[in-house]
Amino acid sequence: MLIVFLTVTQSRAADRDRLQAFLKVTGFDVALDSIALAAADAPEMLGMSASDFGSEWTRVADEVFDTAKMQGIALDILEQTLSDEMLTHAAEFYASPLGQRLVEVENASHMVDDDAAKRATGEELVARDVAEGNPRVGILRAMTAAIDASDSSVRAVQEIQVRFLMAASNAGVLEQELDEGMLRALMKESESDLRLSMQRASLAGAAYTYQDLSDDDLQAYVDALEHPTMQVVYELMNAVQYEVMANRFEVLAARMAELHPGQEL
């Protein structure tokens with residue numbers, strides 16, 4: 001599991017009702033729901049298209065990436081890992097007027113399914129700020145660094161890809177079997193390029209998401225994110241989100257083996 005990236009030791013775990021409230025007040029519920037949008041990329045990751053899996057593709061993808069199921073997996077993990085202290089600290093910030101404004105714009109951004117258009121707009125905003133010497137770019141860079149302070153995102157994305165590709169290979173979706181060791185070696189070779197691409201995408205995404213917020217509000221957010229307790233909370237939430245995504249992609253790979261063009265389940 002991707003949770004191995006965590007080095008957190010918890011005292012007393014939060015109860016499930018409080019955890020459900022935590023998902024909503026922080027917007028983590030919408031972030032989890034947005035994982036379903038990634039299902040559209042699955043065939044392309046295999047060098048295929050959705051049409052290769054027939055008319056039932058959409059229904060199967062919707063079943064695998066069911067939002068209630070994904071939130072349930074997240075809650076199961078958080079019950080064992082998120083302490084009352086961490087929950088209270090994060091919930092109090094996100095329940096504040098600034099926190100709720102941030103959740104509002106983040107939720108809206110999560111559910112935009114045109115990633116290319118969103119990234120293009122974000123890159124335009126970054127380029128404009130750089131040309132104008134706007135200190136906002138520095139604030140956004142600090143924000144993206146604070147959100148992934150442990151630099152685990154690259155390893156997590158690679159792990160998701162490996163788990164999905166190997167599950168697809170083992171299920172017979174691919175014509176040729178994959179060698180996991182060779183696959184990991186190939187990914188290691190391109191790791192620096194992936195890290196740079198993800199950093200650029202994160203910066204553009206932040207520029208797009210927070211474009212209507214003031215520099216002062218963004219700096220206040222960075223200060224909140226850099227708090228030691230919030231750092232641990234984000235390390236945990238990142239790991240949970242990646243684990244849910246990896247789990248669903250593995251299940252999807254098995255279901256894809258059942259589908260063929262024109263086949264009805």
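For reference, positions follow the sequence shown, starting with 1.
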Please confirm whether the backbone N or O of [Y] pairs with a side-chain atom of [X], one donor and one acceptor, at under 3.5 Å?
X	Y	answer
Glu191	Val154	no
Asn107	Met111	no
Gln211	Tyr208	yes
Asn170	Ala167	no
Thr209	Ala206	no
Ser169	Leu178	yes
Glu180	Val162	no
Ser197	Asp193	no
Ser190	Met187	yes
Asn238	Ile147	yes

Atom pair [atom1]/[atom2] of [X] and [Y] - distance to nearest 0.5 Å:
X	Y	atom1	atom2	value
Tyr234	Phe28	OH	CZ	9.5 Å
Leu98	Phe93	CG	CZ	4.5 Å
Tyr242	Arg155	OH	CZ	10.5 Å
Leu259	Ser55	CG	OG	8.5 Å
Arg200	Arg119	CZ	CZ	8.0 Å
Asp148	Met198	CG	CE	7.0 Å

[X] to [Y] - nearest heavy-atom pair and separation:
X	Y	result
Ala253	Ala168	CB-N, 3.5 Å
Trp57	Ala39	CZ2-O, 3.4 Å
Val222	Ala142	CG1-CB, 4.0 Å
Gln231	Leu225	NE2-O, 2.7 Å
Ala207	Val126	CB-CG2, 3.7 Å
Ser34	Ala31	OG-O, 2.6 Å

Shared hydrophobic cluster, [X] / [Y] (ILVMFWY, side-chain heavy atoms < 4.5 Å):
X	Y	value
Tyr210	Val30	no
Met237	Ile73	yes
Met70	Val240	yes
Leu194	Leu165	yes
Met45	Val157	yes

Is any side-chain N of the basic residue among [X] and [Y] closer than 4.0 Å to the acidic one's carboxylate O?
X	Y	answer
Arg184	Glu159	yes
Glu124	Arg128	no
Asp84	Arg18	yes
Asp76	Arg16	yes
Glu63	Arg255	yes

Do [X] and [Y] come within less than 4.5 Å of each other through their side chains, counting heavy atoms only?
X	Y	result
Glu250	Met166	no
Lys118	Asp114	no
Lys69	Val251	no
Leu218	Leu140	yes
Val103	Gln100	yes
Asn134	Asp215	yes
Arg141	Val137	yes
Val173	Phe53	yes

| task | Would you check, one step at a time, whether the test side chain to side chain contact (heavy atoms under 4.5 Å, CB included) holds for Glu226 with Met230? | result | CA-CA 7 Å; Glu226 290 178 343; Met230 192 72 90; over 6 Å; no
| said: For His227 and His89: C-alpha separation, side-chain torsions, deciding distance, then whether side chain to side chain contact (heavy atoms under 4.5 Å, CB included) applies. | reply: CA-CA 10 Å; His227 187 283; His89 179 88; 3.5 Å; yes
| task | For the pair Arg248 and Phe164, evaluate side chain to side chain contact (heavy atoms under 4.5 Å, CB included) and give the outcome as yes or no after the intermediate values. | result | CA-CA 9 Å; Arg248 293 295 84 193; Phe164 174 58; over 6 Å; no
| field | Glu132 atom CD, over 12 foreign heavy atoms within 6.0 Å | value |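 Yes, the 6.0 Å shell around CD holds more than 12 heavy atoms from other groups.
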| Going through the distances and angles, do Gln219 and Asp223 end up as a side chain to side chain donor-acceptor pair (under 3.5 Å)? | CA-CA 6 Å; Gln219 185 58 59; Asp223 293 342; 3.1 Å; yes
| task | Kindly state whether the ring of Phe65 and the ring of Phe249 have centres lying under 6.0 angstrom apart. | result |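 Ring centres of Phe249 and Phe65 closer than 6.0 Å.
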| Is the closest side-chain donor-acceptor distance between Gln71 and Asp33 under 3.5 Å? |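 Yes, Asp33 and Gln71 have a side-chain donor paired with an acceptor closer than 3.5 Å.
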| task | Dump the intermediate steps for side chain to side chain contact (heavy atoms under 4.5 Å, CB included) on Thr81 and Leu78, then the final yes or no. | result | CA-CA 5 Å; Thr81 55; Leu78 290 172; 4.3 Å; yes
